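Hydrogens, waters and symmetry mates are skipped; everything else that's a heavy atom, side chains included, is used. Predicted model, so just to flag it, every value in this text is computed and none were measured.
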Amino acid sequence: MDLPDDLKFRAIFAQGGVFKAKLAEDGGTKFRYYFVLNINPETDALIVLSTSTTQFELHKNCGGGNDIHVPLSPKDYKEFTKSCLICCNRPRPFNKASLERQLKSQKYDLLSPLPNELLQKILTGIAKSKVIPP
């Protein structure tokens with residue numbers, strides 16, 4: 001059974017909410033996993049998202065090294081199909097209204113929320129990033 005968008009958005013717009021979609025800001029050509037980082041995204045106009053990547057080589061020289069990379073596998077988060085990493089130098093703000101419009105205009109998947117331990121690793125990595133303003 002497919003849930004209505006308003007119910008899916010309630011699950012997505014929670015700290016640790018996860019969805020898989022093709023967003024225009026990322027080229028819109030392939031599905032990506034997106035993780036909501038806001039403390040209270042229900043009331044925020046900007047939604048801060050992080051995404052995972054399997055392009056390990058592109059991140060081996062990131063400033064901050066292992067402190068800002070969270071390596072993950074399907075054992076860490078059951079929704080993953082491959083090993084990947086989250087680069088904590090790259091969270092991005094998205095206009096919430098625009099994000100909702102994009103999701104309504106496409107097929108997207110609501111996924112299970114991030115386990116709290118994993119969410120905390122990402123937030124710690126972002127706090128250690130030297131390229132993200134405090």
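Remark: the backbone N or O of Phe94 is not paired with any side-chain donor or acceptor of Glu25 at under 3.5 angstrom. A distance-only check finds no donor-acceptor pair linking the side chain of Gln106 to the backbone of Ala21 [under 3.5 Å].
Applying the ring pair (Phe, Tyr, Trp, His ring centres under 6.0 Å) test to Phe13 and every residue at least two apart in sequence or in another chain returns Phe9. Checked against salt bridge (charged side-chain N to carboxylate O under 4.0 Å, His left out), Lys107 has the following partners two or more places apart in sequence or in another chain: Asp109. The side chain to side chain donor-acceptor pair (under 3.5 Å) search around Asn40 returns Thr43, not counting sequence neighbours. Taking Phe19 as the reference, Tyr34 meet the ring pair (Phe, Tyr, Trp, His ring centres under 6.0 Å) condition, with sequence neighbours excluded. Partners of Glu117 according to the salt bridge (charged side-chain N to carboxylate O under 4.0 Å, His left out) rule, which considers only residues two or more places apart in sequence or in another chain, do not exist here.
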With a cut-off of 3.5 Å and sequence neighbours excluded, list every side-chain donor-acceptor pair involving residues 69-76.
residue: His69; atom: ND1; partner: Gly65; partner atom: O; Å: 3.0
residue: Ser73; atom: OG; partner: Lys75; partner atom: N; Å: 3.1
residue: Ser73; atom: OG; partner: Asp76; partner atom: OD2; Å: 3.4
residue: Asp76; atom: OD2; partner: Ser73; partner atom: N; Å: 2.8

Can you give the donor-acceptor pairs under 3.5 Å from side chains of residues 46-54 to other protein atoms, not counting sequence neighbours?
residue: Thr51; atom: OG1; partner: Tyr33; partner atom: O; Å: 2.6
residue: Thr53; atom: OG1; partner: Gln55; partner atom: N; Å: 2.9

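Cluster membership for Phe80 and Tyr108, using ILVMFWY side-chain heavy atoms within less than 4.5 angstrom, is not shared. Cluster membership for Leu111 and Leu119, using ILVMFWY side-chain heavy atoms within less than 4.5 angstrom, is shared. Hydrophobic cluster membership differs between Ile122 and Val36, with clusters built from Ile, Leu, Val, Met, Phe, Trp and Tyr side chains linked at under 4.5 angstrom. Cluster membership check: Tyr77 does not share its hydrophobic cluster with Leu110, using side-chain heavy-atom separations under 4.5 Å among Ile, Leu, Val, Met, Phe, Trp and Tyr.
A 4.5 Å side-chain heavy-atom check between Ile12 and Leu103 finds at least one atom pair inside the cut-off.
Note on residues 3-20: pairs passing salt bridge (Lys or Arg N to Asp or Glu O under 4.0 Å), not counting sequence neighbours, are Asp2-Lys8. The salt bridge (Lys or Arg N to Asp or Glu O under 4.0 Å) contacts involving residues 122-133 comprise nothing, where partners must be two or more places apart or lie in separate chains. A salt bridge (Lys or Arg N to Asp or Glu O under 4.0 Å) check over residues 79-105, counting only residues at least two apart or in different chains, returns the pairs Asp26-Arg92. Sequence neighbours left out, not one pair with a member in residues 29-53 passes salt bridge (Lys or Arg N to Asp or Glu O under 4.0 Å).
If you chain together ILVMFWY residues whose side-chain heavy atoms come under 4.5 Å of each other, Leu58 ends up in a group of its own.
Separating the CG atom in Leu118 from the CG atom in Leu123 is a distance of 9.5 Å, to the nearest 0.5 Å.
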